[in-house]
Amino acid sequence: MSQPAQRAVVQSLISKYINKETLKYVFTTHFWGPVSNFGIPIAAIADLKKDPELISGSMTMALIVYSGVFMRYAMAVTPKNYLLFGCHIINETAQLGQGFRWLQHNHFGGREKAAEAALKVNANKSA
């Protein structure tokens, strides 16, 4: 692609995406609320690799309900806040994963399986 054509493409993209309306949106709570809220799903995704003994069942349930409510809110406001909706879809998915891990560990034999595995490892070390 020639240099003038590249310049025209770049200029077109800049005028399309970096304009007064976009900058006005970036400086609103409609943008920064969801952006700052992304810390919750990021933490939940990172916690998916941690020991299920550390999961709080009541907090996980609260976050599942919270994300469900705010998904609805994101679509009820005008204009619709798709960034907030996306944030809560991700959080809902991660929290449901955490909730499944908590149920598996505390109510469906996960704790016993972990104890048996620890005993086997200790038995192999001492042999």
Side-chain angles (χ1 to χ4, degrees):
M1 186 182 285
S2 68
Q3 187 135 9
Q6 283 179 337
R7 205 173 299 136
V9 168
V10 169
Q11 190 68 24
S12 172
L13 288 172
I14 288 173
S15 66
K16 185 175 181 179
Y17 294 109
I18 301 178
N19 55 42
K20 198 175 196 178
E21 293 303 314
T22 303
L23 289 175
K24 188 189 280 187
Y25 174 69
V26 167
F27 291 107
T28 65
T29 56
H30 209 73
F31 174 77
W32 285 107
V35 167
S36 62
N37 205 22
F38 263 102
I40 297 170
I42 290 169
I45 291 167
D47 286 349
L48 286 170
K49 295 181 180 180
K50 291 186 179 176
D51 184 10
E53 189 70 37
L54 302 172
I55 299 170
S56 166
S58 57
M59 187 62 183
T60 300
M61 180 53 95
L63 286 168
I64 289 169
V65 171
Y66 160 78
S67 280
V69 168
F70 274 90
M71 278 191 287
R72 173 67 182 109
Y73 170 79
M75 294 294 103
V77 296
T78 303
K80 293 184 184 325
N81 194 335
Y82 294 108
L83 189 58
L84 183 64
F85 184 76
C87 172
H88 285 292
I89 284 278
I90 294 167
N91 189 42
E92 184 83 10
T93 304
Q95 295 301 335
L96 285 170
Q98 289 289 66
F100 175 76
R101 290 179 66 225
W102 182 81
L103 282 171
Q104 179 70 28
H105 184 72
N106 291 299
H107 297 287
F108 298 120
R111 184 174 284 155
E112 291 78 17
K113 288 178 186 175
E116 287 174 19
L119 284 174
K120 286 181 184 177
V121 168
N122 288 337
N124 289 338
K125 284 183 182 178
S126 62

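Cluster partners of F108, by chain and number: I55, W102, L103. The rule joins Ile, Leu, Val, Met, Phe, Trp and Tyr whenever side-chain heavy atoms lie under 4.5 Å apart.
Summarising the geometry, atom OG belonging to S67 is positioned 11.0 Å from atom CZ belonging to F85; distances are rounded to the nearest 0.5 Å. Going from atom CE of M71 over to atom CG of N81 covers 13.5 Å, rounded to the nearest 0.5 Å. For the atom pair CG (N37) and CD1 (I90), the distance works out to 11.0 Å, reported to the nearest 0.5 Å.
Not a single salt bridge (Lys or Arg N to Asp or Glu O under 4.0 Å) links K80 to another residue, sequence neighbours left out. Partners of D47 according to the side-chain hydrogen bond (donor to acceptor under 3.5 Å, both in side chains) rule, which considers only residues two or more places apart in sequence or in another chain, are K50. Remark: F31 pairs with Y25 by the ring-ring contact (aromatic ring centres under 6.0 Å, His included) rule, at least two apart or across chains. The ring-ring contact (aromatic ring centres under 6.0 Å, His included) test applied to Y82 returns no partner, not counting sequence neighbours.
Sorted by first then second residue, the salt bridge (Lys or Arg N to Asp or Glu O under 4.0 Å) pairs that include residues 53-72, not counting sequence neighbours, are E53-R111.
In the hydrophobic clustering of ILVMFWY residues, with side-chain heavy atoms under 4.5 Å counting as a link, L48 and M61 come out apart. Under the 4.5 Å side-chain heavy-atom criterion for Ile, Leu, Val, Met, Phe, Trp and Tyr, I42 and L96 are members of distinct hydrophobic clusters. Both I40 and V69 sit in one connected hydrophobic cluster of ILVMFWY residues. Membership requires side-chain heavy atoms under 4.5 Å apart, directly or through other members. Linking ILVMFWY side-chain heavy atoms closer than 4.5 Å, directly or via other members, places M75 and V77 in two distinct hydrophobic clusters.
Side-chain atoms of Q95 never come within 3.5 Å of backbone atoms of I64 as a donor-acceptor pair (strictly under, hydrogens ignored).
If you check the side chains of R101 and Q98, you find a donor sitting under 3.5 Å from an acceptor.
In this structure, Y66 and F70 have tilted ring planes: the angle between them lies in the 30° to 60° band.
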Inset, instruction - Would you sort out whether F38 and L83 count as a side chain to side chain contact (heavy atoms under 4.5 Å, CB included), showing the intermediate values? - result: CA-CA 10 Å; F38 263 102; L83 189 58; 4.2 Å; yes
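Between C87 and P34, the shortest heavy-atom contact is SG-O, 4.1 Å.
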